[in-house]
There are 2 protein chains.
Amino acid sequence: MKYIPTKIRNRPYTDALRRLKEGKLRPTKQRLALSKLLFEGEDRHLTAESLYEEACSFGIKVSLATVYNTLNQFTEAGLLREVVVAPGRSYFDTNTHHHHHFYCKEDDNLKDISEDQISLTILPDPPADMLIDRVSVVVHLKRNHKSDDDNNY
Amino acid sequence: MKYIPTKIRNRPYTDALRRLKEGKLRPTKQRLALSKLLFEGEDRHLTAESLYEEACSFGIKVSLATVYNTLNQFTEAGLLREVVVAPGRSYFDTNTHHHHHFYCKEDDNLKDISEDQISLTILPDPPADMLIDRVSVVVHLKRNHKSDDDNNY
DNA sequence: CAATAGAATAGAATGATTCTAATATATATT
DNA sequence: AATATATATTAGAATCATTCTATTCTATTG
C-alpha cells in the first residue's frame, strides 16, 4: 500500500478543492474525488479509461463520460496537459510545467524529460498572425534488441 | 490547374512503380494510382480519408480499407512518415526526411520545418536497453487575435 | 495458362470519444 | 432554510477513425 503523509491524509480535500477553484469549476463529488486521485502523490500519465478504472476500484461512483468531461475541463483550465504520442493514444499529464517526453511504442510507456534537459532553438518565425503556443518534443524510443541482431552474423 | 512538367506527364507510372519496388510491394492498380497521387508534385500532408476522397474524385476505384492498408504499408516501407499532432488526427507526410512541424489546431493545419531550422540537444540518455528511434518536434501555434484583445482596453 | 500467394473489397467490428436527453446537485436568491 | 437556476452527472446512443473478416480478384510463378 502507498504511503501517504499524515498532513495530506488529515485534510484530504483541501488541495483538490483549491485546484477546482483555480479552474473555476464547481466542486462536485466526482470532480473532488478525481482531483484527489490525479493530484495526490507524484506526477502521473493516464488515460480516461485508466482513471475511470482506478476510480471504480476505489468505489467512486462516476461514469466514463464524466471522467472524459472532467479530464477535458481540467485540461482546458490548465490543471492537466494532454500528450499525444501515437495515433489513438492520448494521455493526460498531471505535470503541467513545460517539459518533454520519452515514448516507447513497444511497451506504450511515457517518461518525462524536464525542460532543462533539452535545449531547443527554433529559427523560423511562426506564420503571420500566429503565435507559438507550446513546443512538444517526443523522443521516440525502440528496444535495443542487441542479441537478436548479433546472432545473425 | 496545376502545372505538371512534360517529363512526368509522359511517363506517368515510372516513379510510382520505382517506389513500389523500393518497398517490395506488388504494383497493383490501386497502389500505383495512390502512389501517383501521393508522390507526384510537391510534398503533402494527408489523412486516409482525404486521400480516399481525392482518389474517388479522380475516378480511381478503391476502397477506404485499401487506402488505409496502402498508407500503412507505405509507412512501414519508409515511403511515408506518420505525424501525430492531436488526438484522433493522424497525418501521413510524403516528406520522409528528418524534419519537424508547425501545427495549428484551430485551422487543423500542418507546415514543415526543415531539420536545419531547429537545433536540438537532448541531454538525458535513453533508459537502459533503449535506443532513440526518432525525435518529433511539434510547434503548436495559436491565432494571434490581436484586435479582439485590444478592444477590451 | 493454370496454380497460388498476395491484394482488394464491402461491410462488420472495434475502440476511443462525444453527444443526448433525463435526472440530480450546487449555488444564488428570496 | 426553501426555492429557483444554472450547471453536472448519467446511461446509453451516436459518431468517428481505424482495423478486421471472409470473399473475390489479380499479379506473379512455374
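Here is how names work: the chains are called A, B, and so on, in the same order as the sequence lines, proteins then strands, and each is numbered from 1.
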TODO: Hey, could you give me the CG/CZ distance between Leu131(A) and Arg143(B), rounded to the nearest 0.5 Å?
DONE: 10.5 Å
TODO: Determine the interplanar angle of the Phe74(B) and Phe39(B) rings, folded into 0 to 90°, and report it as parallel if under 30°, tilted if 30 to 60°, perpendicular if over 60°.
DONE: parallel
- [ ] Indicate yes or no: does Asp133(B) engage Lys105(A) in a salt bridge with an N to O separation below 4.0 Å.
- [x] no
Please list, for nucleotides 19-29 of chain D, all pairs of protein and nucleotide N/O atoms separated by less than 3.5 Å.
residue: dT19(D); atom: OP2; partner: Asn72(B); partner atom: ND2; Å: 3.2

Open item on the list: For a quick check of understanding: with a heavy-atom distance under 4.0 Å over all strands, which category does Thr47(A) fall into, base, sugar-phosphate or nothing?
Closed with: nothing
Open item on the list: Please check: side-chain N/O of Asp112(B) versus main-chain N/O of Ser114(B), any donor-acceptor pairing under 3.5 Å?
Closed with: no
TODO: Using a heavy-atom cut-off of under 4.0 Å over every strand shown, decide if Lys61(A) touches base, sugar-phosphate, or nothing.
DONE: sugar-phosphate
TODO: Let me know, please, whether Leu25(B) or Tyr52(B) comes out on the 5' side of the other along DNA chain C by nearest nucleotide.
DONE: Leu25(B)
Task: Short side-chain N/O contact to dT10(D) OP1/OP2 from Thr66(A), under 4.0 Å - done: yes
Task: Within 45° cone and under 6.0 Å: Arg81(B) NZ/CZ vs Phe92(B) ring - done: no
Open item on the list: If you assign Lys24(A) and Pro87(A) each to the DNA chain D nucleotide with the nearest heavy atom, which residue ends up on the more 5' nucleotide?
Closed with: Lys24(A)
Task: Side-chain ion pair, Lys24(B) and Glu76(B), N-O less than 4.0 Å - done: no
